[in-house]
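Data first, discussion second: the structure below is written as structure tokens.
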Amino acid sequence: EFKKSRPKALLRDKLLITLFFETSTRTRSSFEVAAKRLGASMVHLDPSKSSTTKGESLDDTFANLCAMEPDGVIIRHGFNATPQKLANKGLTPVINAGAGNYAHPTQALLDYFTIVEQFGDVRGKTIAIVGDIVSSRVASSGIRLFHRMGMRVILVAPKPFMPDNELEKVEHLDEIIDQVDVVMSLRAQLERHKAPIFEDYEEYAKEYCITKERFGDRDILLLHPGPVMRNIDISDEMLEDPRCKVLEQVRNGVFVRMAILKAILLDN
Ligand code: ASP
């Protein structure tokens with residue numbers, strides 16, 4: 001509905017605080033645009049300039065923010081459990097904007113929305129997730145959601161990027177490309193690697209970069225959560241291809257986050 005027509009200022013009296021302990025380009029601005037489109041106000045706390053740097057604990061920082069009576073806190077943190085732990089305090093609604101390598105639920109929802117927009121009924125459709133799956137919270141949340149919605153998920157990665165689980169796995173996309181409806185490409189999460197995994201990402205790209213040669217003229221939807229490492233994750237040429245929905249994902253992210261804010265702040 002929000003995508004079809006510009007909504008009214010449904011959240012005019014609401015105020016949200018963002019608390020991002022890791023960098024963000026799309027997610028934070030997408031939440032802000034979504035909130036403002038619905039008339040809500042936003043306050044951003046930058047932890048690198050807050051009392052966290054003076055030794056205040058996260059729990060105390062959070063309690064102090066909640067004392068100001070926001071209508072919700074949107075948090076990104078490097079630890080998998082942080083958003084849930086803060087939500088369990090019951091002080092204010094907590095929206096997870098990315099937690100460690102475990103969860104990025106709003107990204108999963110916008111990815112799913114983009115797939116549904118293309119296919120309608122997604123049950124039985126196959127998605128291949130390609131790249132650094134083991135360190136990716138986008139993959140973690142996506143896998144849980146896509147399965148739940150009846151999709152087949154195939155993981156495609158070199159061994160060091162492959163998680164240890166029961167899912168279908170292959171090492172090369174070419175092995176299964178004729179079976180897939182959607183490819184989700186992922187960036188190597190260099191900031192989460194304790195030691196460099198590959199010395200030469202150009203070598204890695206020879207196998208894993210999504211190129212026109214690799215896709216051929218197959219009718220496959222190409223997704224990536226961003227930031228895209230050009231010519232390592234996806235080739236320049238493929239980023240311009242109509243099958244590539246990277247910017248449509250960003251566009252849809254605003255509508256999906258509007259729906260999430262409405263559901264949490266108004267309908268709850
Ligand atoms: N932006 C996404 C995230 O925060 C994906 C990425 O950084 O590669 O997880």
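Every number for a ligand or one of its atoms is a count from 1 in the order of the listing.
R26 and Q249 share no donor-acceptor pair across their side chains, judged by distance under 3.5 Å alone. Looking only at atom types and distance, the side chain of T114 has no donor-acceptor partner in the side chain of E248 under 3.5 Å away. Residues H104 and R76 bring a donor and an acceptor atom of their side chains to less than 3.5 Å of each other.
Both the sub-6.0 Å distance and the 45° axial angle are satisfied by R144 relative to the ring of Y102.
Taking atom 9 (O) of ligand 1 as the reference point, the nearest protein heavy-atom neighbour is R137 NE, 2.9 Å. Atom 7 (O) of ligand 1 has its closest protein heavy atom at R187 NH2, 2.8 Å.
Looking at Q107 against ligand 1, nothing comes within 4.0 Å, counting heavy atoms. Residue H104 touches ligand 1 through its side chain alone, judged by heavy-atom distances below 4.0 Å.
Interface atoms of ligand 1 facing R76, defined by a heavy-atom separation under 4.0 Å, are 4 (O). Every atom of ligand 1 is numbered from 1 in the order shown, and the set under 4.0 Å from a heavy atom of Q189 is 6 (C), 8 (O). The atoms of ligand 1 that sit less than 4.0 Å from any heavy atom of G226 are 1 (N), 2 (C), 5 (C), 6 (C), 7 (O), 8 (O).
Ring orientation note: the planes of Y204 and Y208 are close to parallel, at an angle under 30° on the 30°/60° scale.
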- Residues D233, R187; criterion salt bridge (Lys or Arg N to Asp or Glu O under 4.0 Å); working and verdict: CA-CA 6 Å; D233 304 341; R187 171 183 73 92; over 6 Å; no
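Using 4.0 Å as the threshold, P227 has a heavy atom nearer than that to some atom of ligand 1. Not close to ligand 1: R26, with no non-hydrogen atom less than 4.0 angstrom away.
Below 3.5 Å of separation, one finds no N or O of V138 facing any N or O of ligand 1.
Under a 4.0 Å N-O distance rule, the pair E117/K3 qualifies as a salt bridge.
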